[in-house]
K.L.:
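Structure below; questions to follow.
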Amino acid sequence: MASIDYPLERPRPKEGEFSFSETLYRWVATVDHKRLGLMYIVTALLFLVIAGLMASVMRLQLAFPNNHVVGPETFNRLFTMHGTTMVFLVGMPFVAGLSNYLVPLMIGARDMAFPRLNAFGYWIFLFGGLLLYFSYIGGGGLSGHGSAPDVGWFAYAPLTSKAFSRGASTDFWILGILVAGIGSVASALNVIVTTICMRCPGMTLTRMPMFVWVMLIDSWLIIIALPPLTAAQVMLLIDRFLGGNFFNTQAGGSAVLWQHFFWIFGHPEVYILIFPAFAILSEVIPIFSRKPLFGRAAMVGAVVAIGFISLGVWAHHMFAVGMTSWSNTFFAASSMLVGIPTGIKIFNWTATMYGGKLRLDTPMLFCCAFLLQFLVAGLTGIMLAVSPFDWQLHDSYFVVGHFHFTLIGGLVFGLFAGMYYWFPKATGKLLCEKLGRWNFWLFVIGFETTFIPMHFLGILGMPRRIYTYAPDRGWDFWNLVSSLGVIAQAAAIALFIWNVIDSIRSGEKAGDDPWDGWTLEWATSSPPPEYNFEKLPVVRSSRPLWDLKHPHDPDWKFEQ
Amino acid sequence: MALAQTYKGDALTLEQGWHMPDRGTVGIAFLIVTESALFTIFVVAYLVYIGKSLNGPMPKDVLDLPIVATICLLSSSITVVFAEHALKKGHLGAFKLWWIATIALGLEFLTATGIEWHKLIYKDHLTIRTNLFGTTYYSLVGLHASHVIVGMVFLLLVMGVTFAGFPIQTQFRRVRFLSWYWHFVDAVWVVVFTVVYVVGR
Amino acid sequence: MALLQGLGAALPEHRVANIFKPLATPAQSEYHIALLVLAITGAIFVVVAGLIVYTIWRFRRRPGDDAKQEPPQVYGSNQIEVAWTVIPILIVFVLIGVSARVIASVQNASPPPQMLKVTLIGHQWWWEVRYPDYGIVTANEIHVPTASATYLELQSADVIHSFWVPQLAGKTDLIPNRTNYSWIDPREPGVYFGNCAEYCGTQHANMLLRVVAQAPEDFKRWAAEQQKPAAENAAFQSLSCVSCHTIKGTPAKGKFGPDLTHLMSRRTLAAGAIANTAENLRQWVKDPQAAKPGSLMPSLQLTDQELGQVVNYLESLQ
Ligand SMILES: [Cu+2]
Ligand SMILES: [Cu+2]
């Protein structure tokens, strides 16, 4: 009889005695989705720390007018590498890592559909990341110009052409991202096939956990949106190495074409990055409110809607390039439409909490902060979508503030919620709650202090990507405040790292189901054995463990 | 208490009646989706730059309709279906024959492309750096040709192992995936042909 | 000439370029829609954030609660969900309608026929300003008359830049191989500050732009001065300065750098990086890389004597 026993007699991983080299081999040669997932996440955290340090140097430089911490070349490389790293080497591996670790566990599968492709994806991604950073050593090229790329993370033509970007640094940017992108597409394909083909008996699409739904749409966006970037990068390579004319304005080529191609990728990319946070919230909020997700069908619908509408809004990044008023109106309208499904999501999460019994532990605290900060990000996003307003706000510090509210206040806060929530599953240990609260409050204070002033700076006419400014432009005060916030944020991240290390070493044992969860990953041991489930589970509702724990009031009686 | 027991004995029936789609099928389908997205951008670039070249040679001066090559490639899509059917029925001889026909037709297409490029480069002096037409033409046609070459490598691989005595009928699923990929490459050619030789001329 | 500088000094300087203090029509209409959008989004924020905070506070677990007791399980509600789908749809449609109107009114506004025409060309990292109707070429300062509109043709000589003088008009990019348009009509005489707003390479930060709005008669006088050619200078013409810079009326016809014919009538050097003073000018000519690292103006390694001659000549270019 196909069943898993709960809570007794669950499979335990064998406590083997391995030497260091054996352990290393087991990690490097692994095709296990959980190990690969953790490798993705640890790599992403490492890059997060690097990108954070780069940001700190930039904030130091901008803390005072006419500052001389770094020169223009260094500063331009810093913001290029910071942006590129955060998007491609932090956000993307978090998507891959979370879905790798959790999707098979949540749908009751033993592994991903293509385990070896999965390992290939990780290693090629890592290679891409290292290739990008190798530019600090190799980017000077034969002619000795420049080191790391300094063209900005969206690398607008024709600044990236041979004429304006000599040396090899831009080539490192192109190749590093192109290669890492292949890894991301491989991993996304794997997630799609896994969710479609590997669900355990009874796990129909309507019963699939919300997390898996969101990651499925996320992966769909990746396989649709990344190829345009790859194509544009191949064109740029053809221009740079073979003398092609795609973006050569001297030969009649168009500088705007690159922008179209880039943002056809770039806007969906924003949703690719924020979706994991949506996915995490959709699991954490119900568990910590002790109520099922409010309006599941609408939540799925909203994610699908965002997944499609976001493919048609890219030119809202281009309101200043001189498009016709019709195009401007079209893209303003389509961008604002995204606000509707996003609003539905925020309302439904709030409604999930409404009437519940909120356990305000660290994961839930991060979710609450997410809701408020993401609300702000969404509303400033609407301001940017109104193209006449955007003619003023575009490429100003207001935009920098806006997207850090989405990507830090949204994505990173969501990721922290997720890490506090699933850490016990992955390690068998609980993260220290007291440190967690310190981590949370320091992060909130630092985040608000750094990024709220950026909105004011944009309104005062400060453009982004400037390495210095004069003292009489009214920007001194808010820049200083913004820089001060970095201290608290850095402390928060340091506390988190300490918390992880300390908890792995000597943390409280978590048990298999510390949060009283409802999805299948809590039905196996912590950490799960290599094969996940000794016997494949069978489910009949979207909350199989709720059914188990409440035999007199199971979900499947109400669900279709 | 077992999870399955909460369902009062339905679990066994659930499990037995539970069928999920084939991994390989779904995988190849989405691979084609993501490849299509890649091609779309190159096609768009070609369309955007039609007539924007500042200097010659222009498409109408140098491009001839590759009728024979197109017929070859499109018919190779038919022969590969015949090969697939033969394999399904276990007719190994017919399979080999149709498979070789597919390879021959594919090779003819690649040769024709090679001859065309040779003529363009050495007679018409059109290279990838000459003008926007050269840049977009070689990129788009080259991207497609590189996909034909990849398909060709796999076709040859299957032929090689078959003639070496490997029981290829055990790999029918994979042969079918290859044939789907080949259809995709064909379909892309229809688009490329339309854009480059019909619209762009 | 002293008169000109005097005029300039008397003008109020708008260094803090607050987009919420618009002083020309395009910025004004952008400001109006901004206010509307701020009001709507502000109201949404108050309501939704209030709801979220209230929910967290009201339903937080309290010490006395029974941990075992689960709250009532609510799966959704069609009426409520329809309500909070329809209301945002209505709000979004209002916003779309309003933006469409402002977009059309700013973009499709046909300029008055008597408009002053200015061509603004972006360079790494300075602005070339041409007045085709007057035959004037200058740099980094756009002089315009108040009381009428000025029509800007935007082009680029290299990479993408962006025209942004926040109190006068929102951004429009300067893109190579393409011509964009913008217009401004500052109402009060004054100096309006702006920055290049599209990252364009190393010295993007020091690519400042000033719009100098003057009363029409002052503008006329300025234009008349700018149209005059400059005197020749043998020492200057023997140096390689001339291969990059133009000085009207002399053999210096270089196109790569800014036109220097009336250099001393400008407020700054190096596109706003430093003030135009005698000492700064000397330092700038001696070693441009010190004041603006990465600038495309090379250090010519002039001898002290050559430096003195060049600076003396440049100072005569009023
Ligand atoms: Cu966007
Ligand atoms: Cu710039």
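Here is the naming used below: chain letters follow the sequence lines, and residue numbers restart at 1 for every chain.
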K.L.:
Anything under 30° is parallel, anything over 60° is perpendicular, the rest tilted; go ahead and classify B:Trp117 against B:Tyr138.
P.N.:
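Ring orientation, 0 to 90° scale: perpendicular.
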K.L.:
Please report the closest heavy-atom contact between A:Ser219 and A:Ile192, naming both atoms and the distance.
P.N.:
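In terms of heavy atoms, the two residues are closest at CB-CG1, 3.6 Å.
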K.L.:
Aromatic rings A:Trp546 and A:His550: how do their planes relate, parallel, tilted or perpendicular, breaks at 30° and 60°?
P.N.:
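If you compare the ring of A:Trp546 with that of A:His550, the planes turn out parallel.
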K.L.:
What distance separates B:Leu73 CG from B:Thr102 OG1, expressed to the nearest 0.5 Å?
P.N.:
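Going from CG on B:Leu73 over to OG1 on B:Thr102, the span is 10.5 Å.
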K.L.:
Enumerate by number any residue of residues 241-250 of chain A whose heavy atoms lie under 4.5 Å from heavy atoms of chain B; in the absence of such residues, state 'none'.
P.N.:
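A:Leu242, A:Gly243, A:Gly244, A:Asn245, A:Phe246, A:Gln250, listed by number.
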K.L.:
Could you pull out the closest heavy-atom pair between B:Leu178 and B:Leu155, with the gap in Å?
P.N.:
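Closest heavy-atom pair between B:Leu178 and B:Leu155: CD2-N, 3.9 Å.
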K.L.:
Begin with the C-alpha distance, continue with both residues' side-chain angles, and end with the deciding distance and a verdict on salt bridge (Lys or Arg N to Asp or Glu O under 4.0 Å) for B:Asp22 and B:Arg176.
P.N.:
CA-CA 13 Å; B:Asp22 173 55; B:Arg176 202 174 54 189; 5.3 Å; no
K.L.:
Please flag which part of B:Tyr49 lies under 4.5 Å from any non-hydrogen atom of chain A: side chain, backbone, both or neither.
P.N.:
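Only the side chain of B:Tyr49 comes within 4.5 Å of chain A.
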K.L.:
Nearest 0.5 angstrom please: A:His33 NE2 to A:Asn532 CG, how far?
P.N.:
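Here the interatomic distance stands at 3.5 Å.
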K.L.:
If you count heavy-atom pairs under 4.5 Å between each of B:Ser36, B:Gly27, B:Ala29 and chain A, which one has the most?
P.N.:
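Top count of heavy-atom pairs under 4.5 Å with chain A: B:Gly27.
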K.L.:
Could you look at A:Leu257 and say if it's the side chain, the backbone, both or neither that has a heavy atom under 4.5 Å from chain B?
P.N.:
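For A:Leu257, side-chain heavy atoms alone lie under 4.5 Å from chain B.
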K.L.:
Going by the ring-ring contact (aromatic ring centres under 6.0 Å, His included) test, name the single residue among B:Trp182, B:Phe109, B:Phe39 that passes it with B:Trp189.
P.N.:
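Single ring-ring contact (aromatic ring centres under 6.0 Å, His included) partner of B:Trp189 among B:Trp182, B:Phe109, B:Phe39: B:Phe109.
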K.L.:
Is chain B contacted by the side chain of A:Leu189, its backbone, both, or neither, given a heavy-atom distance below 4.5 Å?
P.N.:
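For A:Leu189, the contact with chain B is made by the side chain alone.
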K.L.:
Measuring heavy-atom distances to chain A, does B:Thr127 have an atom under 4.5 Å in its side chain, in its backbone, in both, or in neither?
P.N.:
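Interface part for B:Thr127: neither.
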K.L.:
Please identify, among B:Gly134, B:Ser53, B:Ala37, the residue contributing the most non-hydrogen atom pairs under 4.5 Å to chain A.
P.N.:
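The residue among B:Gly134, B:Ser53, B:Ala37 with the greatest pair count is B:Ala37.
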K.L.:
So which part of A:Ser254 gets closer than 4.5 Å to some heavy atom of chain B, the side chain, the backbone, both or neither?
P.N.:
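Both parts, backbone and side chain.
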K.L.:
Do B:Glu84 and B:Leu87 touch side chain to side chain, with heavy atoms closer than 4.5 Å?
P.N.:
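B:Glu84 does not reach B:Leu87 side chain to side chain.
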K.L.:
Are A:Ser310 and A:His267 close enough that a side-chain donor and a side-chain acceptor fall under 3.5 Å?
P.N.:
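No pair is found: no donor N or O on one side chain lies under 3.5 Å from an acceptor on the other.
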K.L.:
Taking side chain as everything from C-beta outward and backbone as N, CA, C, O, which of these in B:Leu31 sits under 4.5 Å from a heavy atom of chain A? Side chain, backbone, both or neither.
P.N.:
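Answer is both: backbone and side chain atoms of B:Leu31 are under 4.5 Å from chain A.
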